[in-house]
Amino acid sequence: MDVKGFLKILWAFVVRDWQRRWSYKLNFIAMLLYPIVWVSVFGVLGRTIDDAGGTGAPGGFSTFMVIGIITWRFIRVGFFDSSLSIRWEQHIGTFKNIYMLPHHIMIPISATTLSGFTVSMVNFVEMWIVAELVFGISLNITVPSFLFLVLAWLSIIGFGFAIAGIAILYKEIQAVFTVIFFSFQFFCGVFYPVEVLPKSAQYISRAIPITYALSGMRTSISHGYIPRTDLLVMPIAGLIGLAVGLITMHLCLKKALKEGKLERY
Amino acid sequence: MVIKVSNLRKEFNGTMALDGISFQVKAGEVFGLLGPNGAGKTTTVKIMSTMLLPDEGTVEIGGYDVVKDPKKVRELVDIITARDKFYRRLTAYQNISFFSKLYQVDDWKEKMENFGQRLGLEKEDLEKRLGDYSTGMRQKLNLVRNLIRDTPILFLDEPTLGLDPVSSRKFSNLLKEIMEKEEKTVIFTSHNMYEVEELCERIAILNEGRITSVGEPKALKKRIFPMRLIEFTTTGKDGFELSDEAVDHIESEGNRFRVYLKDGTRIHELIEKIMKTVRVSDLSVKEPTLEEAFIRHTEEEESKSKGGNTWM
């Protein structure tokens with residue numbers, strides 16, 4: 001399939017997903033309001049801590065918090081879009097029609113995930129505007145820092161693909177991985193620096209790419225450069241994550257095809 | 001041959017779903033797979049449509065192996081089942097627009113309206129959300145989706161399951177009309193004998209993962225169930241008896257009688273004999289339906305596999 005063909009398929013998914021979101025009007029409004037509420041809550045919390053003397057974080061604790069939740073939100077949407085891509089179609093009963101296309105199954109799955117990227121972008125812009133206009137937090141997001149964020153997103157969608165594959169065979173595994181994913185909030189320094197964690201927990205933090213994504217984004221926005229370690233870790237983590245995700249997906253699809261579990265939910 | 005199935009085997013957790021089935025289908029032919037629940041019909045269709053890998057055997061669709069060239073096979077094949085769904089919150093237009101983009105069909109709207117009209121879906125129906133569709137309307141839209149995609153081979157896996165008898169009959173009449181016009185090669189599975197008899201040029205009867213009979217519906221009926229039936233009502237209240245070696249058995253309900261003949265060779269002679277014996281108000285000669293033939297065949301096969309006597 002050529003690029004034009006893929007873009008047509010991608011466009012079909014983007015249109016379908018926004019039409020579906022728009023069909024649930026209140027959910028649609030909630031989807032837009034949720035990141036604004038979130039950034040506001042943590043913006044106020046950060047400012048309160050800054051007013052009480054602060055934590056010494058560069059740009060203040062409010063900046064620290066806001067960059068943390070913007071990055072986290074971006075990654076979170078990517079994780080759920082990739083990991084739920086197959087399960088959602090199976091649940092509705094449309095997976096067979098998508099599978100019966102004369103393309104590799106990863107094409108529609110990637111298109112679904114990229115369609116979710118548009119939601120990440122909308123939320124990202126919303127939070128950025130609120131942070132700048134409401135809280136006066138200057139988020140100097142440059143092209144390299146944005147590309148770095150996309151790398152972080154790529155590293156997590158690989159993890160999502162792997163879960164999507166495993167979930168074809170073991171339906172309930174999604175819940176386990178969701179808990180693991182949310183535990184990353186604890187380990188990766190979304191709301192506080194990883195240095196405040198016990199030493200043993202910090203070892204786990206260093207093994208999760210999201211830690212580097214958050215630290216890289218913070219340094220990039222506050223100081224205008226991305227630390228070398230983070231710059232090195234993210235592309236490698238992204239590539240490894242994608243490779244593991246695609247291999248896992250391939251193996252699981254093969255097993256599902258053998259066991260007749262492809263269509264079932 | 002556009003479809004070649006050779007020695008197909010599939011086992012699920014120690015249960016043999018398909019036990020070495022083979023058949024071939026010509027281009028443009030409508031081929032039926034008939035069998036009781038669990039006979040292996042859907043398993044066969046899933047393997048042929050690349051949704052399931054066989055343990056042994058091969059399937060070639062249009063010259064492509066379903067295991068080695070699944071993408072090429074999916075270019076030629078589409079499948080319609082009663083389980084097919086759409087996005088409930090989207091309208092029919094939005095749904096078909098989405099799938100048409102995936103199929104890379106640009107003039108989908110015109111086609112959708114044309115096919116929709118032929119199938120009884122008016123423009124106002126197409127503007128409705130799928131959540132407001134009945135099962136029958138949804139199956140019609142499913143057929144529209146396939147016709148827009150326009151694959152030369154179509155698998156219909158119990159497409160009328162869940163429809164009421166009237167909708168089911170209407171839908172199979174539509175299918176017949178479409179099949180005649182579009183000249184597609186069709187594999188059809190159903191429990192509905194009327195549909196199978198009406199639509200299929202040849203039928204394979206599956207039982208416990210094996211093909212037990214293949215042939216044209218009429219020939220198959222004759223082979224499996226050669227009996228003929230004379231049905232009549234007597235005007236008097238007297239009973240009725242007929243002793244003849246051509247008679248298999250007689251059933252009665254009040255003054256309504258059904259005389260089952262072993263075959264159709266001496267039918268006129270026996271009618272005369274009946275007319276001489278009793279006063280008859282109406283009389284008709286019937287062939288067994290495919291349903292009767294199918295039930296008899298399945299019972300015979302079950303009996304054989306249990307090592308017992310065959311039916312009757």
Side-chain angles (χ1 to χ4, degrees), chain A residues 1-2 4-28 88-112 115 168 250-265, chain B residues 10-13 17 42-43 45-47 49-55 64 66-67 69-91 93-106 108 129-131 138 142 145-146 149 151 154-155 157:
Chain A
M1 166 173 279
D2 57 4
K4 201 179 161 195
F6 178 72
L7 288 176
K8 271 190 175 179
I9 289 182
L10 173 60
W11 180 242
F13 277 95
V14 171
V15 171
R16 180 204 68 178
D17 290 346
W18 282 96
Q19 279 172 337
R20 190 176 53 82
R21 287 184 196 108
W22 179 242
S23 75
Y24 294 97
K25 301 282 188 295
L26 282 176
N27 275 7
F28 186 85
W88 187 68
E89 302 288 354
Q90 283 181 318
H91 191 63
I92 294 175
T94 45
F95 183 70
K96 188 211 78 191
N97 294 89
I98 287 171
Y99 179 79
M100 283 304 290
L101 294 170
H103 319 301
H104 193 280
I105 188 63
M106 280 317 293
I107 288 178
I109 291 172
S110 307
T112 314
S115 164
I168 299 173
H250 174 76
L251 294 174
C252 292
L253 278 171
K254 213 169 166 186
K255 195 165 160 48
L257 274 172
K258 220 169 168 50
E259 294 177 1
K261 289 181 176 172
L262 198 59
E263 209 186 341
R264 251 186 284 154
Y265 177 73
Chain B
K10 185 72 194 175
E11 195 183 307
F12 292 111
N13 304 321
T42 298
T43 304
V45 169
K46 277 188 174 178
I47 292 173
S49 56
T50 78
M51 297 201 67
L52 184 66
L53 289 172
D55 293 339
Y64 297 108
V66 291
V67 178
D69 290 304
K71 277 183 260 176
K72 289 279 181 196
V73 170
R74 290 200 291 266
E75 273 178 28
L76 302 173
V77 164
D78 200 5
I79 175 169
I80 292 181
T81 75
R83 302 178 298 279
D84 291 343
K85 298 281 162 55
F86 288 89
Y87 303 103
R88 289 172 58 83
R89 298 288 296 186
L90 304 189
T91 65
Y93 275 119
Q94 289 170 333
N95 267 288
I96 297 296
S97 163
F98 168 68
F99 285 107
S100 301
K101 281 180 193 132
L102 301 190
Y103 306 149
Q104 318 258 340
V105 177
D106 294 326
W108 63 271
R129 281 186 180 168
L130 260 290
R138 198 184 66 221
N142 204 2
R145 169 165 62 183
N146 166 266
R149 191 178 169 196
T151 53
L154 179 60
F155 298 149
D157 187 17

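Numbered from 1 within each chain, the chains take letters A, B, ... in sequence-line order.
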Per-residue contact mode, [X] against chain A (heavy atom under 4.5 angstrom):
X	answer
B:Lys10	side chain
B:Gln104	side chain
B:Val77	both
B:Phe99	side chain
B:Leu90	side chain
B:Ile47	neither
B:Arg149	side chain

Using a 4.5 angstrom heavy-atom cutoff, name the option from [options] with the most pairs to chain A.
options	result
B:Ile79, B:Thr151, B:Thr91	B:Ile79
B:Arg88, B:Glu11, B:Met51	B:Met51
B:Asn13, B:Asp55, B:Thr50	B:Thr50

Top of A:Trp11, A:Tyr24, A:Trp22, A:Phe95 for chain B proximity - count of heavy-atom pairs under 4.5 angstrom: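 Top count of heavy-atom pairs under 4.5 Å with chain B: A:Tyr24.
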
With the threshold set at 4.0 Å, does a side-chain nitrogen-carboxylate oxygen contact exist between [X] and [Y]?
X	Y	answer
A:Lys8	B:Asp106	yes
B:Arg83	B:Asp157	yes
A:Lys255	A:Glu259	yes

Sub-4.5 Å side-chain heavy-atom contact between B:Ser49 and A:Met100: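 Side chain of B:Ser49 against side chain of A:Met100, heavy atoms only: contact under 4.5 Å found.
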
Close side-chain approach of B:Phe86 and B:Ile96, heavy atoms under 4.5 Å: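 With C-beta onward as the side chain, the pair touches.
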
Pair B:Thr81, B:Asp84: side-chain N/O donor-acceptor within cut-off below 3.5 Å: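 A donor-acceptor contact under 3.5 Å links the two side chains.
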
side-chain hydrogen bond (donor to acceptor under 3.5 Å, both in side chains) between A:Arg16 and B:Tyr87, worked out: CA-CA 9 Å; A:Arg16 180 204 68 178; B:Tyr87 303 103; 2.8 Å; yes

Pi-cation contact, A:Tyr99 with B:Arg74 (under 6.0 Å, within 45°):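 So B:Arg74 does make the cation-pi contact.
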
